[in-house]
Number of protein chains: 2
Amino acid sequence: MINRFTVLPLSMMTRTLDAVAAGQLLPDLVIVGGRIFSMYSERIIEGQEIWIKDGRIAALKPAGSYLPLPGDRTLRYDARGGMIAPGLVDPQVNLASSLMSACAYAEAALLNGTTTILVDCEEVAAVCEGRNFRWFLADARRASLSVYAKVPVRMFAREYRAAAAEEMAKVFHEWPEVRAQAEVADYISPVAAGVDDMTEDRARGRGDDALEAAQWVFLRCEPSEEGAQRLARQLGGVAELSACAKRLCLCTDQRDANELSAFGLDWMVRQAVAAGVPPATAWSLASLNPAMRFALDGEVGGLGPTRRADLVMLNDALEVQNTWYGGVLVVENKKITSVLDRALSKPYHYPKEVAGTVRIPRTLKLVPELPVTEVVAKVIGVGAPSAGLESRRVVLPVARSWGGLLTAHRLCFVSSVRFGSKAEAGVAYGLLQDFGLVEGAVAGTVSAEAPGAWVVGVDEADMKVALAAVKKLMGGVCVVRGGAVVAELPLPNGGVLSALRGPDAAKQLGALKRAWAELGCTLSLADFCRLASGGLRGISLTPRGLLLVPEGRIAPLFEVEAGATLLPQA
Amino acid sequence: MINRFTVLPLSMMTRTLDAVAAGQLLPDLVIVGGRIFSMYSERIIEGQEIWIKDGRIAALKPAGSYLPLPGDRTLRYDARGGMIAPGLVDPQVNLASSLMSACAYAEAALLNGTTTILVDCEEVAAVCEGRNFRWFLADARRASLSVYAKVPVRMFAREYRAAAAEEMAKVFHEWPEVRAQAEVADYISPVAAGVDDMTEDRARGRGDDALEAAQWVFLRCEPSEEGAQRLARQLGGVAELSACAKRLCLCTDQRDANELSAFGLDWMVRQAVAAGVPPATAWSLASLNPAMRFALDGEVGGLGPTRRADLVMLNDALEVQNTWYGGVLVVENKKITSVLDRALSKPYHYPKEVAGTVRIPRTLKLVPELPVTEVVAKVIGVGAPSAGLESRRVVLPVARSWGGLLTAHRLCFVSSVRFGSKAEAGVAYGLLQDFGLVEGAVAGTVSAEAPGAWVVGVDEADMKVALAAVKKLMGGVCVVRGGAVVAELPLPNGGVLSALRGPDAAKQLGALKRAWAELGCTLSLADFCRLASGGLRGISLTPRGLLLVPEGRIAPLFEVEAGATLLPQA
């Protein structure tokens, strides 16, 4: 068992650490021969060794201070000139985007040198009206990673006001790892609302404004070469303005299991260095700075005495070679160690009730009635990548079947399924334009909105196959082609999180993404999942119907030219 | 009444501020025509104006955004090109060194552009075994200044363990303005003790070590040209090492009422700039950085929306022209405004019991018995300025009176008086060498140790006059010459704090310091007061006797050559 609690609280350890520092007690581990990345002064220090006891740093001493005694059990680790840095602290992780449980996420994180994450729990909490949140926190406590949570205010406040406020107060009281409120996604007036930080990947101006508005800015970027370039432009501004980076952080925000291995937080730090940020400053953007934002700098974020021995060994290209978590070597030569492997093999198991929350009714009509007169459809348009979804108007003439209409207007069906008993359940219909899917179907239960499933296709039979597959998985995502499931990822934990080990989830997800792409879909799975999130602008489909953002209004799918609603939503 | 509570908590103001920012509600005050010192990015921003409502910043807007309406009550203040910066945050103020109450300190602080202070309460709490501490906090709450407190752990823990722990827990519970533990003055092993910050004015190396030991470093310096040079050397090191200053702060630490006007925190910032630190970075060392250290950056330390409108207007030399405290103009053109004057005229009055704590017995023998055989005296030697006090050995031959012995060995008497009833009271004797006093006497009740008074002289009659004068003042400091009191400063609040307005205290203190210097004393009053503080090293006199530091052992004044004690302490 390796988790956050394997290391005792500092208050119980000061005497022990003091004794080790004073040379009266032997350390467990001494890391010698490394260059030390100081986050406190943002420079590299040579000629020191790190003394570790019971999972915390007892002292940094001049090289050669530790003299082995015959028979002592102190481990001496020679870094052979490698750089020793604190484990990374990721201030904004959308865990649901990874599709992994916290226990599974730990493996990918530690391989990237990340030892602490702050999870934005919006999607996680969405599933069961707050109940899931407690299960998630239990998962977080079991993980071989320091997982802190940000509570989804928007979730609790908008949807479930009265009961939720009480529920939320309990969560804050009972779980000290809840460190902050989650990001306000439909962010319009940052001013004066008491918001302390924001995640940013767009225009330089907006990030600058937020910084000057006294906020911490968490820079994010897409897991791609383009994303790296955008990050470089953002960071270039810091140098250009001679601005101090002390309130800037880097975060991964949204990465799936698959993307994490190549585009983790360590990759972002390397991109920052490539953009001209000095290495120790760049590493601080993803360690001490975020630790300070969440008042965790007494525990993590730097290599000081009393801090947790969460550290990494880097090569000169800042690639993570080794990771120690609470003084335990969990990654060596870019591979997990057997001790971590054993710990990861005993993850938290979500209770059966979680799977039970995915209640997809057996018989549902998945496509809207064919209009009997000419109508104007409000369709969801897929535009340029990285732009939002557009609300478009398409005139649909009278037709004998859907087939011709869909082809003529580059449309496909998208339906949003409400979970629940036969009485509660239901379907909201939408039409997607330029999504690229011309055969088969895809379905899934991953969304940032209230519990539900989505299914996309051009043919109701395929769509039914897809939805039935997801129902059988008790939540998940699948791709159907030629009437059969060709790829699937089970997400039995509330329809959102996988129960697999990290690499297994990544592998299945990889196959799924390939099958998804082969259908011709122009949006990635991740981008598509955001469709239902009521995002920042444009239009999205929720189980309640088509939502216009930022108006917040539910709009009918079809209107006759005069503007009156022709057909009610199911 | 102007105090910290005049501005409502942010949680009660978000809607109002939001409405002002959105242009739906008028601001109270708009500051236009200034250049803005951003602490968040450490740069100067032009072309913005500051909108203030109910004592908080509602928005920073492009210049010209505010358009006066006929009849609106919004005040428009033209900074005429001046620089607008956040009020300074002093992370370490030894209030007792100022000899002023918190209410009186406010005046000097606001004139210096300081709007928030963190008071190290060691001396304050020393007086009445923790009880005074509550009175002090009541004083702090009344002050026209944001006063936060650091609890004197050493005090509570060393002297009054059991009862004090309980007392201290109550204080933490009842007073949210208690933000941290006070400085550990007899600091030997910083390592592994969970100490988060330290105050430093000595060797560069020690400050660097503390920084790398994950601590915040508060740079201090003496109020003098020499002090400024030392500060410059410290800060020079930051540039030399290309180290980031994000964990560095400036603090005044020890300044008396008199010194504050010329050598306040604003002076330190100017010295930092003179030493080559960029202006916005230098100002941040004394505003945002300390605010972050104490998790007060949501309230103060920068000019962001939602923050308190604690701000200053500076000229190009960074001299404070104006200060706004909670949106109220309290200093204009370097003078306090009438509204502040009225607030300062109603300070907190300490209860009568506090004065009652200075219980000096009527009849006491103030000088030791003349030894009847040759002895070795352990004397307190005054060495180079800024060095500590030295423990020296002086052989005293048999003599007929003290007079000749004192002259021959450049000695004078120093006696430490324990307060209390006739049974509890007592005197500990010491001898000072090279203190320079050859006539008259000085006495006072200011010390960092447990409650007591000290009196220094070469003649018991003058010493008695001095002690009687201090007794009559119910606590204070006085200088006696030719058998009469020539200067005095009453400190009726526990023998430590004046009840006067700041400038009055400063004036009386000025006269006292001149009289003190005219007696030839080689130590300043402030340095002398530290004599009894059990400082960092050397020797000091406490009401319990001569204390050797860091041994922590009480030593006899006289020994015969063999080492046996000849005379017991009274």
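In this text, all values refer to a predicted model and were calculated from it rather than measured experimentally. Naming convention: chains lettered A, B, ... in sequence-line order (proteins, then strands); numbering from 1 in each chain.
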For A:D297 and B:R293: C-alpha separation, side-chain torsions, deciding distance, then whether salt bridge (Lys or Arg N to Asp or Glu O under 4.0 Å) applies.
CA-CA 10 Å; A:D297 56 314; B:R293 159 64 185 99; over 6 Å; no
Bottom line for A:L303: the part with an atom under 4.5 Å from chain B's heavy atoms is backbone
In terms of heavy-atom pairs under 4.5 Å with chain A, the winner among B:G304, B:S11, B:A22, B:G301 is B:G304
So, the part of B:M39 with a heavy atom under 4.5 Å from chain A: the answer is backbone
- Does a side chain donor of either A:K246 or B:S284 reach within less than 3.5 Å of an acceptor in the other side chain? yes
Scored by heavy-atom pairs under 4.5 Å with chain A, the best of B:G302, B:S38, B:A280, B:P278 is B:S38
If one checks every heavy atom of B:L288 against chain A at 4.5 Å, the contacting part turns out to be side chain
